[in-house]
Amino acid sequence: MSIQDEVMQLRGETLASIAAADTTDALEQVRVAVLGKSGSLTAYLRSMGQIAKEERATVGKTVNIVRAEVESALAQRKEALSASELEAQIAAGAVDITLPGRVQQMGTRHLISRITDEIAEIFHGIGYTVESGTEIETDYYNFEALNTPEDHPARGLQDTFYVVDKSGATKAVKGESDVLLRTQTSGVQAHVMETQKPPIYMIAPGKVYRRDVADPSHLPQFNQVEGLVVDKGITFGDLKGTLEYFVKQMFGEDRKTRLRPHFFPFTEPSAEADVSCGICHGEGCRFCKGTGWVEVLGCGMVDPNVFAYADIDPEVYSGFAFGMGVERIACLKYNVPDLRMLLNGDMRFLRQF
Ligand code: DAH
């Protein structure tokens, strides 16, 4: 076969392969095999020197024509394949605009945050400031400045997690002892009395930690709202009136309040406040364990020893304090039988509020 015929045969085969290529990748393979550095047509161009002189001009011309033909066939086929590949891609990723859209659920505030804000609003409305404290606290503020020195039996009920600093030492600043996760927001009382002068009318919401195992009425981590009033001439009557006002605002005008004597190291006298049961209205039911009352908070008149830590003269000033659990208030308000339900993250439950 003459070189001329060989080239023409290669032309025929190449054009057939181009027509048969069904993807741009396959087409590229044909191009490389024919026109690439070591492609079959390139080989003829390279070996021109070895072709007999008489033939060289005609063969050269044929090779160039064939190359041009192949190039244009490649370009045409590439265009066609690219277009159909793009179409396929678009079809695969297409959105069916006739389908109904997905409804985005609106988020709601968690009941715990809502009740915290409600409590804050009630007290803000009667002139209280809203203070904040830290969840990591020193032993001094969590216990000692609240008249609960080391070895005080009341500490036993509020054993907690101690935080160790990088050096491994648990002693913080001289005079203050260990660093811990606070067990109560009452420490904010001590901070506020150190930094503000009476009259003080404040509440302080925040998270606290206990070594309790979660059960229907206990959580190892929960929220409290602390209250503190320090002014001249504050009496137990002011405490009672304030709590009654709070209870009616939070639970409704028909709810009654009663105070039961109790012990807290930082108040004297101390009491626990109960609210008449919202389910049986005081008749006695399972929710209130047959008593007609449910406990909502601890309170009392600020102990003079606590004033002494903050250099406030108990002969001039008196005050009251209280502390309530936010989760407990939320459950009492909506008759939820188990505190843990607030933390399960079950949207069917949480969306009701
Ligand atoms: N800190 C107490 C607790 O966590 C609650 C409490 C009781 C706070 C009496 C007070 C108070 O301010 O006066 O159990």
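For ligands, and for the atoms within them, numbers begin at 1 and follow the listed sequence.
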Using a cut-off of under 3.5 Å, which N/O atoms of ligand 1 pair up with protein N/O atoms, and what distance separates each pair?
| from | atom 1 | to | atom 2 | distance (Å) |
| --- | --- | --- | --- | --- |
| ligand 1 | 1 (N) | Gln184 | OE1 | 2.8 |
| ligand 1 | 1 (N) | Ser186 | OG | 2.9 |
| ligand 1 | 4 (O) | Arg210 | NH2 | 2.8 |
| ligand 1 | 4 (O) | Gln224 | NE2 | 2.8 |
| ligand 1 | 12 (O) | Gln189 | NE2 | 3.0 |
| ligand 1 | 12 (O) | Glu226 | OE2 | 2.6 |
| ligand 1 | 12 (O) | Phe322 | N | 3.3 |
| ligand 1 | 12 (O) | Phe322 | O | 3.3 |
| ligand 1 | 13 (O) | Ala321 | O | 3.2 |

Can a donor-acceptor pair be found, under 3.5 Å and without considering hydrogens, that links the side chain of [X] to the backbone of [Y]?
X	Y	value
Gln184	Asn142	yes
Ser17	Val30	no
Arg210	Phe222	no

Should Glu244 and Lys256 count as an ion pair when the cut-off is N to O under 4.0 Å?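 No, Glu244 and Lys256 are not salt-bridged.
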Cationic N near anionic O, under 4.0 Å, Arg11 to Glu69: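 Judged by the 4.0 Å cut-off on N to carboxylate O distance, Arg11 and Glu69 do form a salt bridge.
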Got more than 12 heavy atoms from elsewhere within 6.0 Å of CD, Glu79?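 No - once you tally the heavy atoms of other residues, nucleotides and ligands closer than 6.0 Å, there are 12 at most.
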